[in-house]
Amino acid sequence: MFESAELGHKISKNTFREEEPSLRAALLDAQFELRENGKFPVVILISGVDGAGKGETINVLYEWMDPRYLSTLAFSAPTDEELQRPYMWRFWRALPPKGRVGIFAGSWYSNPIAERICGQLSKGDLDQRMDQINRFEAMLVNEGALVIKFWFHLSKEGQKERLKALEKDPRTAWRVTKESWDRLKTYDKLQEAAGHVLRMTNTPWAPWVVVEGTDDRYRSLTVGKIVLDALQNRLADTRDQNFPVAPPMTRKIDSLDVLSALDLTQKLEKKAYETQLAKWQGRLSELVRHPDFKKRSLILAFEGSDAAGKGGSIRRITAAIDARQYQIVPVAAPTEEERAQPYMWRFWRHIPRVGRVAIFDRTWYGRVLVERVEGFCSEADWLRAYTEINDFEHELHGDGAIVIKFWLQISDKEQLRRFQEREKIEFKRFKITAEDWRNREKSAAYHAAVCDMVDRTSTSTAPWTLVEANDKSFARVKILRTICERIERALNLDKPQEKAKEK
């Protein structure tokens, strides 16, 4: 993997002086076109061995390009806030918007490689982490991002000589630390781990470029030309960057599906409702204050038919939780800032820290529901969204989050009654819009989309709970009971013994 980066590549001063001006001008032109185009971001990863010129290369890019539209993200040891969220959270938040270039100095590869060298990560776990990274980078590319990955290499002897030279020069001595020399001792382990990582993640959509770091001029010109070629080629490519990844789901020939099979006649009488509501609210209050819950987070995702009672159900949940412990995230049409990022970005930024609760009123499933039905995204977008959503929820679960998803279903007749009621009651008129009435005309398309969503995204780690919501009391109790049971299971708690058999 590294043989071609140990050949002693060099560029003379004259050659560098001849080529640098035209390269800088072309990079500025391409960067200007990127800003004007505004259709995709550029993600540049700078990785490699100590002393191979990672920092110097970033400085050169800032000198050659317009620094106002560059951002450098340096990742060292995660902060306390970052440690309390999934591993990829801090990288998601740092992604550049469309039209800009983001340079990652240390990236999602740094920790896995370091952990493998120290023996904290088995080869199997490393392979699993690399598979997650491949899927993440595929998502970025499918969203339109241009991903360029550089690995700066030095031979063992070359790294030793490089560190000595940097340490000898007063202008660069600060770059060489005790840790730099310590890492030289683990050079062989680094090459083994890095070589494996590069082989596992050298994908067609985000290939690695290995650059020899011995000669500054060669390294700078090589990186500059690769960035320029990648930018120019992408700007000139007018093809649709998206492509379908799966065929549509086949229709059920007997018209039986997960929604039509629901018994919407289920009810709960007022007295039983009040008893059950108090019971499960009390249990939820105990669970979110349990010592073991401080190591977990809770993510509640609410979707459902218009007027199905999501807001009322959420209020019954929050009544049982300290207001300082939860956040309600209402999801509407994306803002300009959100449209400039990958689709899942706006949800990643609201992931709660451990010991906290996030309640999403509408969710990331909008892509496979309203955006699919209304044509707000391409078929390719919503087809691949199923995989991206499953990956997202799997990563949350792997990091300790308890993900509970609800779909609230009501009949067309009950929906019509609630719509008409909302129009008559003064303080409920804000809940009904012309869009709600239009959606009723597309009920068949939404029905099909919901069934596809459940079939493709109800996983063992984040299953869907379908709630029969014609009776609001029944729905609210079922939701609270489900939340409590899922938390108890996640925390390995025994269910409290009933004092008396419920009627």
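Keep in mind the model is a prediction, meaning the values are calculated, not measured.
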Evaluate the salt bridge (charged side-chain N to carboxylate O under 4.0 Å, His left out) criterion for residues E374 and K442: first the C-alpha distance (whole Å), next the side-chain angles of each, then the deciding distance (0.1 Å), finally the verdict.
-> CA-CA 9 Å; E374 302 295 340; K442 299 181 179 180; 2.7 Å; yes
Looking at T459, L396, L300, L298, which one forms a side-chain contact (heavy atoms from CB on, under 4.5 Å) with V403?
-> L396
Measure from NZ or CZ of R367 to the centre of the six-membered ring of Y343 and say whether it is under 6.0 Å with the direction within 45° of the ring axis.
-> yes
d(L480 CG, E485 CD) to nearest 0.5 Å is 11.0 Å
Cut-off 3.5 Å, side chains only: do S305 and Y446 have a donor facing an acceptor?
-> no
May I have the step-by-step check of salt bridge (charged side-chain N to carboxylate O under 4.0 Å, His left out) for E303 and K405, ending in yes or no?
-> CA-CA 8 Å; E303 292 284 356; K405 305 180 302 193; over 6 Å; no
Can you check side-chain hydrogen bond (donor to acceptor under 3.5 Å, both in side chains) on T387 and N390, steps first, answer last?
-> CA-CA 5 Å; T387 299; N390 284 337; 5.8 Å; no
Under 3.5 Å, side chain of N142 to main-chain N/O of A138, donor-acceptor pair present?
-> yes
Could you tell me whether H447 atom NE2 has more than 12 heavy atoms of other residues or ligands within 6.0 Å of it?
-> yes
E81 CD to R85 CZ distance, which is reported to the nearest 0.5 Å | 5.0 Å
Report yes if the side chains of F104 and P96 come closer than 4.5 Å at any heavy-atom pair, otherwise no.
-> yes
Closest non-hydrogen contact found for A319 with Q281 is CB-NE2, 3.9 Å
Compare all side-chain heavy atoms of L121 with those of P112 and state whether any distance is below 4.5 angstrom.
-> yes
Before giving the answer on side-chain contact (heavy atoms from CB on, under 4.5 Å), spell out for I359 and V329 the whole-Å C-alpha distance, their side-chain angles and the decisive distance to 0.1 Å.
-> CA-CA 6 Å; I359 305 173; V329 184; over 6 Å; no
Go through the steps to decide whether E388 and R384 satisfy the test salt bridge (charged side-chain N to carboxylate O under 4.0 Å, His left out), and finish with yes or no.
-> CA-CA 7 Å; E388 293 171 5; R384 63 182 168 80; 2.5 Å; yes
List the steps, then state whether salt bridge (charged side-chain N to carboxylate O under 4.0 Å, His left out) holds for K295 with D399.
-> CA-CA 10 Å; K295 305 172 186 176; D399 198 68; over 6 Å; no
R100 versus L70: any side-chain heavy-atom pair under 4.5 Å?
-> no
Sidechain-backbone polar pair: K54 side chain, V49 backbone, donor-acceptor under 3.5 Å | yes
Given L264, V450, V467, V258, the one that forms side-chain contact (heavy atoms from CB on, under 4.5 Å) with Q409 | L264
Any chance the rings of W407 and Y365 have centres within less than 6.0 Å?
-> no
Donor on one side chain, acceptor on other, S378 and D381, under 3.5 Å = yes
I402 and I404: side-chain contact (heavy atoms from CB on, under 4.5 Å), yes or no, with the steps?
-> CA-CA 6 Å; I402 305 167; I404 310 177; 4.0 Å; yes
Please check if the side chain of D391 supplies one atom and the backbone of R135 the other of a donor-acceptor pair under 3.5 Å.
-> no
Taking the six-membered ring of W280, is the NZ or CZ of R283 close enough (under 6.0 Å from the centre) and on axis enough (within 45°)?
-> no
Examine F302 together with F360 and report whether their ring centres are nearer than 6.0 Å.
-> no
Walk me through it: do F406 and I483 pass the test side-chain contact (heavy atoms from CB on, under 4.5 Å)?
-> CA-CA 10 Å; F406 296 101; I483 294 170; 3.7 Å; yes
Validation row: I46, K149 side chains within 4.5 angstrom (heavy atoms) = no
Under 4.5 Å between any side-chain heavy atoms of D412 and L416, yes or no?
-> no
NZ or CZ of R356 within 45° of Y326 ring axis and under 6.0 Å | no
Separation between CG (L45) and OG (S110), nearest 0.5 Å, reads 8.5 Å
Is the backbone N or O of K189 less than 3.5 Å from a side-chain atom of T186, with the two atoms forming a donor-acceptor pair by type?
-> no
Which distance, rounded to the nearest 0.5 Å, do you find between the SG of C484 and the CG of L493?
-> 11.0 Å
Going by heavy atoms in the side chains, are R362 and K310 under 4.5 Å from each other?
-> yes
Can you check whether P334's main-chain N or O pairs, donor with acceptor, with R339's side chain at less than 3.5 Å?
-> yes
What are the two closest non-hydrogen atoms of L256 and A261, and how far apart are they?
-> CD1-CB, 4.1 Å
Stacked cation flag R372 on W382, 6.0 angstrom / 45 deg | yes
Shortest non-hydrogen pair, Q325 vs F293, comes out as NE2-CE2, 3.8 Å
In terms of side-chain heavy atoms, does Q415 have a donor or acceptor partner in R440 at a distance below 3.5 Å?
-> yes
side-chain contact (heavy atoms from CB on, under 4.5 Å) partner of F474, chosen from Q276, K267, E468 | E468
Any chance CD of Q120 has more than 12 other-residue heavy atoms, nucleotides or ligands included, within less than 6.0 Å?
-> yes
Note: R486 and T461 closest approach over all heavy atoms is NH2-O, 3.8 Å
Hey, which of W348, F91, W92 is the one that makes ring-ring contact (aromatic ring centres under 6.0 Å, His included) with F136?
-> W92
Y87 and W108 aromatic centres sub-6.0 Å = no
Please work out which of the three classes, parallel, tilted or perpendicular, describes the rings of W151 and W208, given edges at 30° and 60°.
-> perpendicular
Nearest-0.5 Å distance that lies between atom CG in L491 and atom NE2 in H290 | 6.5 Å
Provide the closest heavy-atom pair for N202 versus P207 in the form atom of the first, atom of the second, distance.
-> OD1-CA, 3.4 Å
I328 versus T318: any side-chain heavy-atom pair under 4.5 Å?
-> yes
Of the non-hydrogen atoms in V101 and I44, which two are nearest, and what is the gap between them?
-> CG1-CD1, 3.8 Å
Counting only heavy atoms not in E192, do more than 12 fall under 6.0 Å of its CD?
-> no
Quick one: does V357's side chain get under 4.5 Å of I299's, heavy atoms only?
-> no
Would you confirm whether R353, through its side chain, and Q84, through its main-chain N or O, come within 3.5 Å as a donor-acceptor pair?
-> no
When rounded to the nearest 0.5 angstrom, what is the spacing between NZ in K472 and CZ in R316?
-> 8.5 Å
Heavy atoms of other groups near D80 CG, more than 12 under 6.0 Å = no
Donor + acceptor pair across side chains of S285, R289 (<3.5 Å) | yes
